[in-house]
There are 2 protein chains.
Amino acid sequence: MTNVKMTIKVARMAYDPDAYPAFAVTADLVVLTLREHALHALLVRRGGKPYAGRWALPGGFVQVDEDLEDAAYRELAEEAGVGRGDVVLEQLRTYGAPRRDPRMRVVTVAWLALGADLPDPRAGSDAADARWWRVADLLADPRRLAFDHAQILADGVERARAKLEYSTLATAFCPAEFTVGELRSVYEAVWGAALDPRNFHRKVTGAEGFLVETGERTTRGGGRPAMLHRAGAATALTPPILRPSP
Amino acid sequence: MTNVKMTIKVARMAYDPDAYPAFAVTADLVVLTLREHALHALLVRRGGKPYAGRWALPGGFVQVDEDLEDAAYRELAEEAGVGRGDVVLEQLRTYGAPRRDPRMRVVTVAWLALGADLPDPRAGSDAADARWWRVADLLADPRRLAFDHAQILADGVERARAKLEYSTLATAFCPAEFTVGELRSVYEAVWGAALDPRNFHRKVTGAEGFLVETGERTTRGGGRPAMLHRAGAATALTPPILRPSP
DNA sequence: ACAAAAGTGTTTGTGTTACACCCATGT
DNA sequence: ACATGGGTGTAACACAAACACTTTTGT
């Protein structure tokens, strides 16, 4: 939605413009990471109209010969300075209400990107003004966001929260090597709830394929040295780790 | 993909065709129902190229001023003779690989539609040739389907199977009033696995908000009269009813 | 010595499975 | 009488919550 420098190559496509309506298609991103033990999302400030000065999800037009997923990765690199290996990316949902962008008919394929220690976007970014926001603040004040991006953000956050339960997605928020306590703080930050360290440890080390011990220990974080782990091969988490109900 | 009678109204939209590429957007449907205790999907036969004679998911172009969900409901009515109240509809996923349609760049928003006793599509249908197929046969022989529709169908079936576990979606396959045994046969048909009738009964009647008794009984299906139920207000199913593992 | 975090053990309760058993109808 | 499906009871087991307790570091 912010990067409009590419040009159309309609001549390449054998299509009859009288046969069907033409849409613009964008790839927009809900990029989530943890900073200071809180869930943060990346937003870019809009320069021009509409919604000038408001904040929006990073994203932009999909190119004619570009796969949807490739477009998401490209925008991630251009607007967030984030490479393919730095995040886990999954398709979220597609938004296409007729007047969600007052300029024209835009269909937005939204993607969810999760990563650990993602960089401050000022460095090497396409977008002049971009920053991380606490997700809790954004959800509490949806007016800050342009278009229907508050809804997209809320859908992305809920997807992330739900997937922590029955998938191994939480490791996407961790560096290559991490302790069980660090993994627990991921769950606690995303869910906004405290978990019992003892029960969490048992569940997470018992789930097959979730974690593999490196053999090394660390004392970062203080206290007794903790075993370091890497993410295992499993993607599904059995049995699941459920959110506390109330 | 089959209905190409609408015309473009580009003049209505204030857009600059040099600023971004133009895409065609379609709404395609994975319509599932139960017939003869087996999961069936609706397909239409393609008349023209490409993939002439092959079978495809029902669907068509989204109109300029039309919401994506409205387009899905419209195609459902035009190609399947199914009204809004007859199905539960949810967005599945969006498919947009550059050459998935050799004619032009098409982005397809796929929808999952589940209903009970859906009509034979010959009556009152737009599509000349349309019929129900056993899902098991289609999944076993993906070549029968045009474009990437075998993948879309497989994604839709997997979504339906997964959602039966932790949502009340199964009632979408049932008529307004149904017995616990009929609901169980839904689970068995969608999952392709036998369930213990006694334990199923307990789980399903114990899950809060899933079923409400009508007070009436029926003897259809033989045996002792069974209580009739309607779908309750709940959408989430707690505790979930999990698929048998092996 | 003390704080802090890691990790283990135990108890108690809840949900699941497997299956015995009884109930109410049609033929 | 018997087959058929509806529905309840129960014992064995897995899992989760809550929490006492030990271990190993830094200060």
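Residue numbers start from 1 in every chain, and the chains themselves are labelled A, B, ... in the order their sequence lines are given, proteins ahead of strands.
Spacing between atom CG of A:Asn199 and atom C1' of C:dT10 amounts to 12 Å, rounded to whole angstrom units. Between B:Met227 atom CE and C:dC23 atom P there is a gap of 17 Å when expressed in whole angstrom units. Taking atom CD on A:Glu188 and atom P on C:dA5, their separation rounds to 12 Å, with Å as the unit. Rounded to whole Å, the distance from CG on B:Leu228 to P on C:dT25 is 14 Å. To the nearest angstrom, P of C:dA6 lies 12 Å from CG of A:Asp196. Rounded to an integer number of Å, the gap from A:Arg224 CZ to C:dA6 P is 10 Å.
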Just do the salt bridge (charged side-chain N to carboxylate O under 4.0 Å, His left out) check on A:Glu177 and A:Arg220 with the steps written out, would you? CA-CA 12 Å; A:Glu177 302 197 343; A:Arg220 70 183 183 226; over 6 Å; no
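Exactly one residue among A:Val190, A:Val88, A:Val186, A:Thr235 makes a side chain to side chain contact (heavy atoms under 4.5 Å, CB included) with A:Leu169. That residue is A:Val88.
Between A:Arg198 and B:Gly223, the residue whose closest nucleotide on DNA chain C is further toward the 5' end is A:Arg198. Summary of the strand contacts: A:Lys203 and A:Gly222 both lie near DNA chain D, and taking for each the nucleotide with the nearest heavy atom, the more 5' one is attributed to A:Lys203.
A:Arg220 comes within 4.0 angstrom of no nucleic acid atom, judged by non-hydrogen atoms across all strands.
Ion pairing of A:Asp141 with A:Arg143 is absent here, as no side-chain N (NZ or NE/NH1/NH2) approaches a carboxylate O to less than 4.0 Å. Remark: A:Arg93 does not engage B:Glu69 in a salt bridge, criterion side-chain N to carboxylate O under 4.0 Å. Under the 4.0 Å criterion applied to side-chain N and carboxylate O atoms, B:Arg35 and B:Asp120 are assigned as salt-bridge partners. Contact check on B:Arg74 versus B:Asp67 returns no salt bridge, with no Lys/Arg side-chain nitrogen under 4.0 Å from an Asp/Glu carboxylate oxygen.
For A:His201, no side-chain nitrogen or oxygen approaches OP1 or OP2 of C:dA6 to under 4.0 Å. In this structure, B:Arg202 does not reach the C:dT16 phosphate: none of its side-chain N or O atoms is under 4.0 Å from OP1 or OP2.
Residue B:Thr219 has its side chain nearest to C:dT25 when only C:dC23, C:dC19, C:dT25 are considered. With C:dC19, C:dG7, C:dA24 as the choices, the nucleotide that has an atom nearest any side-chain atom of B:Pro225 turns out to be C:dA24.
When DNA chain D is scanned 5' to 3' for any atom under 4.0 Å from a heavy atom of chain B, the first and last hits are D:dT4 to D:dT10.
For the pair A:Pro225/A:Thr219, a side-chain contact is recorded, criterion being any heavy-atom separation below 4.5 Å from C-beta on.
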